[in-house]
Amino acid sequence: MNITIFNKKYWVRRFGKPKNVRGYITSGREDFVVSLHVHPIGSDAMQALPEGERKMKHLEGHGTAVLIPANQETGVKGDLLFYHGEWYECTAAQEWDHTVLSHINYQFCLVPTNSPRSADIKDPPTAAPDAPSETEQPKEPDEEMPIATDKNVGGVMVKDGSGLKVDEEGYLSIDEASKESVRSLLGDGGDGP
């Protein structure tokens, strides 16, 4: 069950669809913040690999954010969670909607620094995930919006003789158009008034 008072904010890194660029597979990435309840799963397991044993760390989490799990068949990279200075890949994200407090259960696995995914875990975010970002804070306008005149409407230029006019209150309207001006605007295919 995901009770949000136990959640903390964490950085998540999401990758775009893989593309073949001159023989290299590349994908863009985006870092964003999510609110999750994350905890380690039991003890760390040992995995026997041809290059030696590797200690595997696993995490479990709960939240309402939609995270993308890794999919070997399609080649989609799973979202990465930055937890205590290490990156963990989302390996499962299953919706649990059996209670009023429905949530998604996540499973994560540590991305080793010497793995083929090591390029994906470079340049971790430096800002604290719970610090407000620039996009969350309202921006102050650099300069005042120009006052609407017959030449300028909110930064859009109005050409003289275009049939557009701005009244005293700043509203944009169109002048009565003659049959000839409508035909000239629509060309031969228009059915004028």
Side-chain angles (χ1 to χ4, degrees), residues 1-99 101-140 142:
M1 174 168 17
N2 183 46
I3 301 174
T4 57
I5 60 170
F6 298 117
N7 286 10
K8 290 176 72 177
K9 292 186 177 182
Y10 296 97
W11 283 104
V12 170
R13 179 167 288 174
R14 177 166 290 163
F15 298 90
K17 290 186 177 184
K19 298 176 189 172
N20 188 335
V21 178
R22 296 183 183 161
Y24 295 96
I25 304 299
T26 63
S27 61
R29 70 179 195 200
E30 170 192 15
D31 291 343
F32 57 96
V33 176
V34 295
S35 175
L36 304 174
H37 175 223
V38 178
H39 55 274
I41 299 176
S43 61
D44 298 336
M46 296 295 281
Q47 183 180 20
L49 299 171
E51 61 269 13
E53 290 184 350
R54 179 180 292 154
K55 195 172 190 178
M56 299 300 292
K57 289 184 176 181
H58 295 276
L59 299 174
E60 187 173 85
H62 312 283
T64 56
V66 176
L67 297 182
I68 298 172
N71 187 332
Q72 263 186 325
E73 291 176 13
T74 61
V76 172
K77 297 179 181 182
D79 287 344
L80 299 180
L81 172 73
F82 194 62
Y83 179 80
H84 291 279
E86 296 180 303
W87 288 102
Y88 291 79
E89 184 173 28
C90 180
T91 57
Q94 298 172 337
E95 185 176 5
W96 284 31
D97 58 358
H98 62 285
T99 66
L101 299 173
S102 64
H103 63 281
I104 300 173
N105 269 4
Y106 314 100
Q107 292 181 0
F108 302 94
C109 183
L110 178 69
V111 178
T113 56
N114 61 351
S115 74
R117 296 280 317 262
S118 62
D120 294 339
I121 61 176
K122 289 184 180 177
D123 304 323
T126 55
D130 52 357
S133 69
E134 280 187 19
T135 56
E136 293 174 342
Q137 297 173 352
K139 291 186 178 181
E140 295 295 323
D142 294 335

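Keep in mind the model is a prediction, meaning the values are calculated, not measured.
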Are the side chains of Trp11 and Pro124 in contact, using a 4.5 Å heavy-atom criterion? no
Taking the six-membered ring for Trp, are Tyr83 and Tyr88 parallel (under 30°), tilted (30 to 60°) or perpendicular (over 60°)? perpendicular
Which atom of Thr64 lies closest to which atom of Ile104, heavy atoms considered: O-CD1, 4.0 Å
Apply side chain to side chain contact (heavy atoms under 4.5 Å, CB included) to Thr113 and list each qualifying residue two or more places apart in sequence or on a separate chain. Ile121
Please tell me if the side chains of Phe108 and Leu67 come closer than 4.5 Å, counting only heavy atoms from C-beta onward. yes
Kindly compute the distance separating NZ (Lys9) from OG (Ser35), expressed to the nearest 0.5 Å. 7.0 Å
In the structure I gave you, are the side-chain heavy atoms of Gln94 and Pro69 within less than 4.5 Å of one another anywhere? no
CG (Asn105) and CD (Glu60) are apart, to the nearest 0.5 Å, by 5.5 Å
So, do Val34 and Asp79 sit near enough that their side-chain heavy atoms are less than 4.5 Å apart? no
Do you know which two heavy atoms are closest between Tyr106 and Ala93, and how far apart they sit? CD2-CB, 4.0 Å
If you measure from CG on Leu59 to SG on Cys90, what distance do you get to the nearest 0.5 Å? 11.0 Å
Interatomic spacing from NZ in Lys77 to CZ in Arg29 - rounded to 0.5 Å: 9.5 Å
Distance in Å, Leu36 CG paired with His39 NE2, rounded so as to fall on 0.5 Å steps: 11.5 Å
Please work out which of the three classes, parallel, tilted or perpendicular, describes the rings of His62 and His103, given edges at 30° and 60°. perpendicular
Measure the CD-CG distance between Glu89 and Leu110 for me, rounded to the nearest 0.5 Å. 10.5 Å
Can you find a heavy atom in the side chain of Glu30 that is under 4.5 Å from one in the side chain of Val12? no
Just so I know, are the side chains of Leu80 and Asp120 near enough to count as touching, which here means a heavy-atom distance under 4.5 Å? yes
